[in-house]
Amino acid sequence: MKTSANDSLLARALARPETEERLARQILDAAVEQFTTFGLRRSSVDDVAKRAGVSRVTVYRRFRNKDGLVEACLLREVSRFFQELDDAVAPLPTMQDRVVEGFMVALRHTRAHPLFGGLLRLEPEVVLPYLTVQGGPALTVTTDYLTSHLRRAQHTEGRSDSDPRPVAELMVRVAVSFLLNPAGCIELDDEEQSRAFARRYLAPLLDA
């Protein structure tokens, strides 16, 4: 099977953080610390290099430019998020249960995460493009991830073999909308309400 650009992107996001080359990991650790302390706009490649204890040339060789560095940070944190999500939903018996719990974990993780949630509060005008008009890569990776889970559930639970990607994308878009604008009729800080919402409105999409 020919590997697509989306497959490559998903593979990068799903790669375990510990498999990163040591120096790249050192730079990314410094970048996350820099970005969450001062924001993206007030941080430069020079700042990250200084915090990492390397030269700016070393950073440019591995990440091309600041945008490449930001993307690499986001992909790594998404990778870690996927692992946390897998660990949380793996013991649950059905895909409906995993969708409900996954929705909860996704909201809790992203809102509390120093890079995702922190930057949304610190510099929303800088971060929003990565989740909206420039959010194609993040949407693709997350949708691919959820699609693979839904497809496995189709086989193990005897569900319809229809294409699960539209449902996966819809679920991702709903979760992102709650992240970007939490105000509404659902109190997201109330886990009981959030679970009830996911069970009533998201889980039935599996049978759509």
Side-chain angles (χ1 to χ4, degrees), residues 4 6-7 9-14 74-121 124 127-208:
S4 68
N6 287 350
D7 292 334
L9 188 61
L10 179 61
R12 288 166 58 200
L14 292 177
L74 292 174
L75 283 175
R76 186 179 72 163
E77 297 310 309
V78 167
S79 167
R80 291 175 171 177
F81 162 67
F82 285 155
Q83 184 59 47
E84 178 180 332
L85 189 58
D86 281 344
D87 292 343
V89 304
L92 301 177
T94 69
M95 192 61 201
Q96 287 191 337
D97 292 330
R98 293 193 289 273
V99 164
V100 172
E101 189 62 26
F103 177 73
M104 288 297 307
V105 172
L107 289 181
R108 187 188 312 123
H109 178 99
T110 51
R111 294 177 71 198
H113 193 281
L115 188 60
F116 300 139
L119 286 178
L120 271 176
R121 292 185 290 270
V127 179
L128 283 176
Y130 292 99
L131 297 173
T132 53
V133 294
Q134 297 175 25
L139 175 65
T140 296
V141 168
T142 312
T143 300
D144 284 350
Y145 164 82
L146 184 54
T147 297
S148 68
H149 278 264
L150 295 182
R151 188 167 284 119
R152 284 197 296 272
Q154 287 177 332
H155 296 299
T156 59
E157 298 179 15
R159 293 180 174 275
S160 166
D161 61 356
S162 59
D163 182 9
R165 186 173 184 82
V167 171
E169 182 173 323
L170 180 57
M171 288 181 174
V172 172
R173 289 183 181 275
V174 169
V176 170
S177 71
F178 275 110
L179 173 63
L180 297 180
N181 187 2
C185 62
I186 307 298
E187 179 53 62
L188 296 180
D189 290 328
D190 186 327
E191 292 199 358
E192 184 176 345
Q193 280 195 41
S194 297
R195 280 195 172 86
F197 169 84
R199 190 166 295 280
R200 181 172 183 179
Y201 295 106
L202 296 184
L205 292 174
L206 296 172
D207 300 315

State, to 0.1 Å, how close [X] and [Y] come at their nearest heavy-atom pair, and which atoms those are.
{"X": "Q193", "Y": "C185", "value": "OE1-O, 3.9 Å"}
{"X": "V100", "Y": "A203", "value": "CG2-CB, 4.5 Å"}
{"X": "A198", "Y": "P204", "value": "O-CD, 4.5 Å"}

query = So M95 and H149, side chain to side chain contact (heavy atoms under 4.5 Å, CB included) or not? Walk me through it.
reply = CA-CA 8 Å; M95 192 61 201; H149 278 264; 4.1 Å; yes
key: salt bridge (charged side-chain N to carboxylate O under 4.0 Å, His left out) partners for R195, two or more places apart   = E101, E191
Mind checking the [atom1]-[atom2] spacing from [X] to [Y]? Nearest 0.5 Å is all I need.
{"X": "Q96", "Y": "L202", "atom1": "CD", "atom2": "CG", "result": "11.0 Å"}
{"X": "F82", "Y": "D86", "atom1": "CZ", "atom2": "CG", "result": "8.5 Å"}
{"X": "E84", "Y": "R108", "atom1": "CD", "atom2": "CZ", "result": "8.0 Å"}

inquiry  = Run the side chain to side chain contact (heavy atoms under 4.5 Å, CB included) test against L85 and tell me which residues pass, sequence neighbours left out.
reply    = F81, V89, V105, Y145
task = With sequence neighbours left out, write down each residue that passes side chain to side chain contact (heavy atoms under 4.5 Å, CB included) with V172, or none if nothing qualifies.
result = L139, T142, T143, L146, V176
message = Just to verify, what does E169 make a side-chain hydrogen bond (donor to acceptor under 3.5 Å, both in side chains) with, not counting sequence neighbours?
response = R173
query = Who pairs with D87 by side-chain hydrogen bond (donor to acceptor under 3.5 Å, both in side chains), at least two apart in sequence or on another chain?
reply = Q83
task = Give every residue pair that meets the salt bridge (Lys or Arg N to Asp or Glu O under 4.0 Å) criterion with at least one member in residues 91-100, sequence neighbours excluded.
result = D97-R199, R98-E157
task = Starting from the C-alpha separation in whole Å, work towards a yes-or-no answer on side chain to side chain contact (heavy atoms under 4.5 Å, CB included) for L150 and L206.
result = CA-CA 8 Å; L150 295 182; L206 296 172; 3.3 Å; yes
message = Taking the ring of F178 and the ring of F197, is the distance between their centroids below 6.0 Å?
response = yes
message = Taking side-chain contact (heavy atoms from CB on, under 4.5 Å) as the criterion, tell me which of V99, T147, L205 meets it with V167.
response = L205
